[in-house]
Amino acid sequence: MKKYMNSVLLLSMVLIAWEVIARFIDVSFILPSPTQVSTKLWELKDVLLQHHLPATFVVISIGLAISLVLGIAIAIAMHYSKVLEQALYPLLITSQTIPIIALAPIFVLWFGYTIWSKVAVTILITFFPITIGMFDGLRSTDKELKELLQTFDLTRSQIFLKLEVPSALPSFFSGLKVAVPMSVIGAAIGEWLGAQSGLGYFSRRMMTQFDGAGVFAPIVILSFVGIALFTVILIIEKYFLKWRKK
């Protein structure tokens with residue numbers, strides 16, 4: 001608990017400063033105070049937690065699942081094929097130079113206001129760190145150790161499972177820890193630009209009503225969702241990488 005004291009202290013100072021500034025400005029639709037946001041969050045807890053949070057969580061879950069499968073598959077393909085690496089790597093970099101806010105409306109045109117327009121945004125924003133993390137991890141495999149296993153007549157699949165995958169896990173989890181918070185951002189952006197439910201959609205709806213506290217309330221929940229998912233990844237990483245402590 002002690003290692004988090006500095007973070008708690010800093011957060012408390014920020015909230016106090018925010019409260020003071022918000023009360024001084026006294027324009028709640030522009031800058032609501034933390035107490036106003038907390039009050040609004042309590043008033044809207046049922047509709048936010050029971051209706052909009054599940055919708056957002058489904059988008060995050062599907063987007064992350066597809067990004068994991070897609071990212072790992074592309075990373076393995078590039079690792080084993082120099083031609084694919086040369087063809088795909090520049091495209092991966094290019095995909096991250098296009099503003100997501102510009103592509104999101106296009107996804108809405110393609111998929112309508114269905115869940116898949118939000119999932120597409122989430123995939124686009126999350127598959128890159130997963131792919132690069134896995135690829136860099138596979139590429140960092142100890143070549144001398146790999147040659148040693150080859151002298152023992154291990155097959156390519158055995159070397160992959162026994163050496164390359166364990167070697168790639170630290171980098172893979174690093175990429176995943178970046179992708180998970182970004183999945184929350186991707187889902188919120190998709191809902192903000194075109195949705196009928198979800199925390200991002202609700203925040204945008206409150207903005208049209210000039211309800212500053214209502215805009216911030218779902219953002220607070222999104223933040224907690226990101227923290228919770230990140231914590232889950234930390235626990236999984238600790239379990240799979242416990243061998244590094246030995």
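Just so you know, these numbers use all the heavy atoms, side chains as well, and skip hydrogens, waters and symmetry mates.
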Problem - Under 3.5 Å donor-acceptor, Ser171 side chain and Ala168 backbone - result: no
Problem - For the student: nearest non-hydrogen atoms of Leu15 and Pro34, plus distance - result: O-CG, 3.7 Å
Problem - Non-hydrogen side-chain atoms of Gln96 and Phe127 separated by less than 4.5 Å - result: yes
Exercise for the section: Answer with yes or no whether the hydrophobic clustering places Ile74 together with Phe135; edges join I, L, V, M, F, W, Y residues whose side-chain heavy atoms lie under 4.5 Å apart. Expected result: yes
Exercise for the section: Could you tell me whether the side chain of Leu68 reaches within less than 4.5 Å of the side chain of Leu176, counting heavy atoms only? Expected result: yes
Practice task
Take atom NZ of Lys45 as the centre, draw a 6.0 Å sphere, and report whether it contains more than 12 heavy atoms from other residues, nucleotides or ligands.
Solution key: yes
Problem - For Thr126 against Ser67, the heavy-atom pair lying closest together - result: OG1-OG, 2.6 Å
Problem - Donor-acceptor contact below 3.5 Å, side chain Ser183 vs main chain Leu64 - result: no
Fill in the blank from the handout: In short, Leu161 meets Pro166 closest at the heavy-atom pair O-CD, 3.4 Å
Problem - Single hit among Leu84, Leu138, Val165 for side chain to side chain contact (heavy atoms under 4.5 Å, CB included) with Ile76 - result: Leu138
Handout entry: Gap between atom NZ of Lys177 and atom CD1 of Ile236 - 0.5 Å precision
Key = 12.0 Å
Problem - Ile235 with Phe240, same ILVMFWY side-chain cluster at under 4.5 Å - result: no
Problem - Ile72 vs Phe172 side-chain heavy atoms within contact, under 4.5 Å - result: yes
Fill in the blank from the handout: When rounded to the nearest 0.5 Å, the distance separating OG of Ser33 from CZ of Phe24 is 15.0 Å
Exercise for the section: Over all heavy atoms of both residues, which pair between Gly71 and Ile130 is shortest? Give the atoms and the distance, please. Expected result: CA-CG2, 4.3 Å
Completion exercise
CG (Leu163) and NZ (Lys143) are apart, to the nearest 0.5 Å, by 11.0 Å
Exercise for the section: Evaluate the side-chain contact (heavy atoms from CB on, under 4.5 Å) criterion for residues Met182 and Phe128: first the C-alpha distance (whole Å), next the side-chain angles of each, then the deciding distance (0.1 Å), finally the verdict. Expected result: CA-CA 11 Å; Met182 292 177 67; Phe128 180 78; over 6 Å; no
Exercise for the section: Evaluate the ring planes of Phe202 and His52, with Trp represented by its six-membered ring, and classify them as parallel (under 30°), tilted (30 to 60°) or perpendicular (over 60°). Expected result: tilted
Exercise for the section: Could you walk me through whether Val215 and Phe210 pass side-chain contact (heavy atoms from CB on, under 4.5 Å), step by step? Expected result: CA-CA 8 Å; Val215 172; Phe210 296 97; over 6 Å; no
Handout entry: Lys118 side chain near Ile62 side chain, heavy-atom distance below 4.5 Å
Key = no
Exercise for the section: Can you establish whether the number of heavy atoms outside Phe57 located under 6.0 Å from its atom CZ is more than 12? Expected result: no
Problem - Shortest non-hydrogen contact between Tyr201 and Gln196, atoms and distance - result: CE2-O, 3.5 Å
Practice task
Treating Ile, Leu, Val, Met, Phe, Trp and Tyr as nodes and any side-chain heavy-atom pair under 4.5 angstrom as an edge, say whether Leu234 and Val180 lie in one connected cluster.
Solution key: no
Practice task
Could you walk me through whether Trp192 and Ser203 pass side-chain contact (heavy atoms from CB on, under 4.5 Å), step by step?
Solution key: CA-CA 7 Å; Trp192 184 276; Ser203 180; 3.3 Å; yes
Handout entry: Donor-acceptor pair, side chain of Ser223 and main chain of Ile219, under 3.5 angstrom
Key = no
Problem - Non-hydrogen side-chain atoms of Leu124 and Phe107 separated by less than 4.5 Å - result: yes
Exercise for the section: Could you tell me whether the side chain of Glu164 and the main chain of Thr141 form a donor-acceptor pair under 3.5 Å? Expected result: no
Practice task
Answer yes or no: is there a side-chain heavy-atom contact under 4.5 Å between Ile115 and Val59?
Solution key: yes
Practice task
Working to the nearest 0.5 Å, report the span between CG of Leu149 and CD1 of Ile159.
Solution key: 5.5 Å
Practice task
Kindly work out whether a path of hydrophobic side-chain contacts (I/L/V/M/F/W/Y, heavy atoms less than 4.5 Å apart) joins Ile93 to Ile123.
Solution key: yes
Exercise for the section: Run the numbers on Ile21 and Leu31 for side-chain contact (heavy atoms from CB on, under 4.5 Å), then give the verdict. Expected result: CA-CA 9 Å; Ile21 294 173; Leu31 183 65; 3.9 Å; yes
Exercise for the section: Using a 4.5 Å cut-off on heavy atoms from C-beta on, say whether the side chain of Lys40 contacts that of Met206. Expected result: no
Problem - Verify same cluster id: Val14, Val20 (apolar side-chain graph, 4.5 Å) - result: no
Problem - Closest non-hydrogen atom pair, Leu48 against Pro54 - result: O-CD, 4.4 Å
Handout entry: Separation of Phe230 CZ from Glu237 CD (nearest 0.5 Å)
Key = 8.0 Å
Handout entry: Atom pair NZ (Lys146) and CG (Leu154), whose distance is rounded to the nearest 0.5 Å
Key = 12.0 Å
Problem - Min side-chain heavy-atom separation Leu53-Ile221 under 4.5 Å - result: yes
